[in-house]
Amino acid sequence: MLYHVTTLLECSRVFSLPMTIMSWFVIFTYSALVSGHIKYGLLTLIGVCFVHLAANVFDDYFDYKSLIKQVGFNKKEYLKNSQKTKCRYLIAGKMKPVEIFLLACFYLAIAGIIGIFLYFRCGEGVLYFAAIGGIIAVLYSFLSKIRLSELAVAAAYGPALYCGVYYVMTKIYSWEAVILSFPTMIMTVVLLYIHTVMDFDFDINEGHKTLANSFNSGLDSLIILKWLLILAYIAPVLLCIFDILDWQVFAVYLTIPLAIDLYKSLIDFSADPESIPEHKWFHFPMENLMNEPSFMTRIYQARNLMIYYSLILTAAMFLALI
């Protein structure tokens, strides 16, 4: 039983859920502070988490279908070279493709039931935001092959999530929610982008056209990461300019050393993909490295940077609005 649960968690990439939870937590706190409906906000979290898991599973399912169609595809050779989190459980035969497809549909069904309930409670706006999330979840694998994965994630974790949660909790559409989404949206895109930087060669071999491999090398592609990180620390200025929050938001600058550390870690990876960053106290938590310490340590670095950034932003928001 435990083995099956572990396999389900692995194929769902549950380690990435904190990105959704933290993004939700920021707008949930903001909405609650303006007298939003807390119970509906909590219910929305469950729904968006299941949409996130469905997107992860659909991504692997469609990637697997694409892989096995390649001429000369060899499962044993692929398992030697692939990242531990990508299709391995399918290629190794731990789960069947139909089981993965049904699992993704199950996740979407749960999210759909929650969406229907919120529609009757909160209004037709729920349908619009749910449709955006569902479409991105199903089409993400295809979008990732044509250099649109970052745009899809930005839309899902930015305006769609923030405006959706705000609408459910207040029954109001808000431009302030759009602007408030920018800082954490960028940090979420950072996680996706470093994933594609580290998968630079894999994606080229598998025919994926990503923003990262549009450059000549993984090292060259880090210019995008540099600007994403810079923009993440410029974005809080907008919250002050539009009078959404006050000077307290600049407390997120406390995470700048972590961002610099992440960038340097990716430079090291570009020079030596087998290099493992020295574990420092601010790198944690780092749970299961899945026998890929070089890859997963950096994924956790980016994830944890986003967590710390979001928690500090939320605390600053609380201080500014109480």
Quiz prompt | Parallel, tilted or perpendicular, as decided by the 30° and 60° cut-offs, for the rings of F142 and F62 | solution = tilted
Any side-chain heavy atom of [X] within less than 4.5 Å of one from [Y]?
X    : Y    : value
Y193 : T210 : no
L311 : M22  : yes
M317 : L180 : yes
F182 : V178 : yes
M198 : F200 : no
L228 : M187 : no
M169 : T44  : no
L211 : T196 : no

Tell me the closest heavy-atom pair linking [X] and [Y], and the distance in Å.
X    : Y    : result
H283 : Q301 : NE2-NE2, 3.4 Å
P183 : L313 : CB-CD2, 4.4 Å
L191 : I299 : CD1-O, 3.5 Å
Y30  : L321 : CD1-CD1, 3.6 Å
A160 : I132 : CB-CG2, 3.9 Å
S174 : C163 : O-SG, 3.8 Å

Hydrophobic cluster membership, [X] vs [Y], 4.5 Å side-chain cutoff:
X    : Y    : answer
F25  : L319 : no
V48  : I113 : no
M19  : I136 : no
I186 : L225 : yes
F250 : I241 : yes

Is it true that atom [atom1] of [X] has more than 12 heavy atoms of other residues, nucleotides or ligands lying nearer than 6.0 Å?
X    : atom1 : result
F106 : CZ    : no
F282 : CZ    : yes
F284 : CZ    : yes
K209 : NZ    : no

Do you know which of [options] makes side-chain contact (heavy atoms from CB on, under 4.5 Å) with [X]?
X    : options               : result
V168 : F28, Y119, Y40        : Y40
Y309 : L258, N304, T255      : T255
S310 : T188, T184, V252, T29 : T184

Ring centers of [X], [Y] separated by less than 6.0 Å:
X    : Y    : answer
F129 : Y162 : no
Y107 : H52  : no
F58  : Y140 : no

Self-check item: Test side-chain contact (heavy atoms from CB on, under 4.5 Å) applied to I307 and I21, step by step
Solution: CA-CA 9 Å; I307 291 174; I21 296 170; over 6 Å; no
Quiz item: If you measure from CG on L33 to CZ on F318, what distance do you get to the nearest 0.5 Å?
Solution: 6.5 Å
Exercise. First locate atom OG of S149, then atom CG of L139, and finally report the distance between them rounded to the nearest 0.5 Å.
Key: 13.0 Å
Practice problem: Begin from the C-alpha positions of S270 and L222 and carry the test side-chain contact (heavy atoms from CB on, under 4.5 Å) through to its verdict. | Solution: CA-CA 9 Å; S270 298; L222 293 182; 3.8 Å; yes
Quiz item: Stepwise, does the side-chain contact (heavy atoms from CB on, under 4.5 Å) test hold for S294 with F269?
Solution: CA-CA 8 Å; S294 176; F269 183 90; 3.6 Å; yes
Quiz item: What's the verdict on side-chain contact (heavy atoms from CB on, under 4.5 Å) for L108 and F50, showing C-alpha distance, side-chain angles and the deciding distance?
Solution: CA-CA 6 Å; L108 279 185; F50 276 108; over 6 Å; no
Without hydrogens or angle criteria, can the side chains of [X] and [Y] be said to hold a donor-acceptor pair below 3.5 Å?
X    : Y    : value
S275 : R298 : yes
Y61  : S141 : no
S16  : N56  : yes

